[in-house]
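Structure first, commentary second.
This one's a predicted model, so the numbers in the text were calculated from it and none came from an experiment.
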Amino acid sequence: MTDRTKNETETEAEAGLRRRLIDAGVELVHAEGAQALSLREIARRAGVSHGAPRRYFPTHLDLLSAIAREGFAELRDRVTAALAAGSDDPRAELDALARVYLDFALTRRGMYELMFRHDLLDSGRLGLRETSLPLFDLLARLVARARTEPGPDSSPELDPESGPEPAAVAAALWANLHGIAQLWGWGSLQLAARTDDVEPLLRTALDAHVGPAGRAR
């Protein structure tokens, strides 16, 4: 075996072990939540020594950030699949995106918590904060379209120069969806709103930020 072949084999092996550690972390966060993501437990599930993760991830935050990136990738893929058919109605696409976001938050609660942990986002590891920007950009584009290109079941066309910028509306809508997800996950909204159905809250949030579908604003 030549030195080059040996080095390539070692690189492939290292990449494979790095992948195993990330996959083990993803499985663990889905099974037991973000609080279970210790280096020792991830290493155990990956079948390596408890010191092995440090060879591939300099800090615990690096490994957690790599795991969180998998969550953003899954959310992106879900949104892409939901919008794959395309639509002439941007409000309908906003509805679909919002439902995917809430469904992900409520069915992947451990991962969702990890993705938005302040220490990970503030650390800047692996550009985690920037990983969420493409999804936000899509949300802002759909908000802009909803204001200027209403579909058959949407509100009439509005002056694009009126009201706040689409990015501001998208940011407020995102914050609203995030709040619904968190409070619903804690059981607070069910108690306060006296409902077990999150759909009316989702529609109310969308109506509040982009206007009621099918009626003039």
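- Ring geometry, Phe104 versus Tyr112: the interplanar angle exceeds 60°, so the pair is classed perpendicular (tilted spans 30 to 60°).
- Looking at residues two or more places apart in sequence or on another chain, you find no side chain to side chain donor-acceptor pair (under 3.5 Å) involving Gln182.
- Taking the six-membered ring where the residue is Trp, Phe116 and Phe72 present perpendicular rings, their angle passing 60° and hence far from 30°.
- Look at Glu199 and Arg203 and you find a salt bridge, because one of the NZ, NE, NH1 or NH2 atoms lies within 4.0 Å of a carboxylate O, short of that distance.
- Judged by distance alone, the side chain of Arg108 and the main-chain N or O of Gly71 form no donor-acceptor pair under 3.5 Å.
- Residue-environment remark: CZ (Arg40) stays at or below the threshold of 12 foreign heavy atoms within 6.0 Å.
- For the residue pair Thr59/Asp62, the side-chain donor-acceptor check at 3.5 Å is satisfied.
- In this structure, Asp137 has no side chain to side chain donor-acceptor pair (under 3.5 Å) partners at least two apart in sequence or on a different chain.
- A distance-only check finds a donor-acceptor pair linking the side chain of Arg20 to the backbone of Ala46 [under 3.5 Å].
- A salt bridge does not link Arg125 with Asp119: every distance from a Lys NZ or Arg NE/NH1/NH2 to an Asp or Glu carboxylate oxygen is 4.0 Å or more.
- Note on Glu113 versus Arg109: no salt bridge recorded, every NZ/NE/NH1/NH2 to OD/OE distance being 4.0 Å or above.
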Validation: residues 30-38 side-chain donor-acceptor distances under 3.5 Å, sequence neighbours left out:
unit_1 : atom_1 : unit_2 : atom_2 : d
Glu32  : OE2    : Arg45  : NH2    : 2.9
Gln35  : NE2    : Glu32  : O      : 2.5
Ser38  : OG     : Glu41  : N      : 3.1

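- Looking at Ser132, its side chain never comes within 3.5 Å of a backbone N or O of Leu128 through a donor-acceptor pair.
- Taking the charged nitrogens against the carboxylate oxygens, Arg19 and Glu70 do have a contact shorter than 4.0 Å, which makes a salt bridge.
- More than 12 non-hydrogen atoms from other residues, nucleotides or ligands lie less than 6.0 angstrom from CG of Asp197.
- A salt bridge between Arg129 and Asp122 is present, with a side-chain N of the basic residue lying under 4.0 Å from a carboxylate O of the acidic one.
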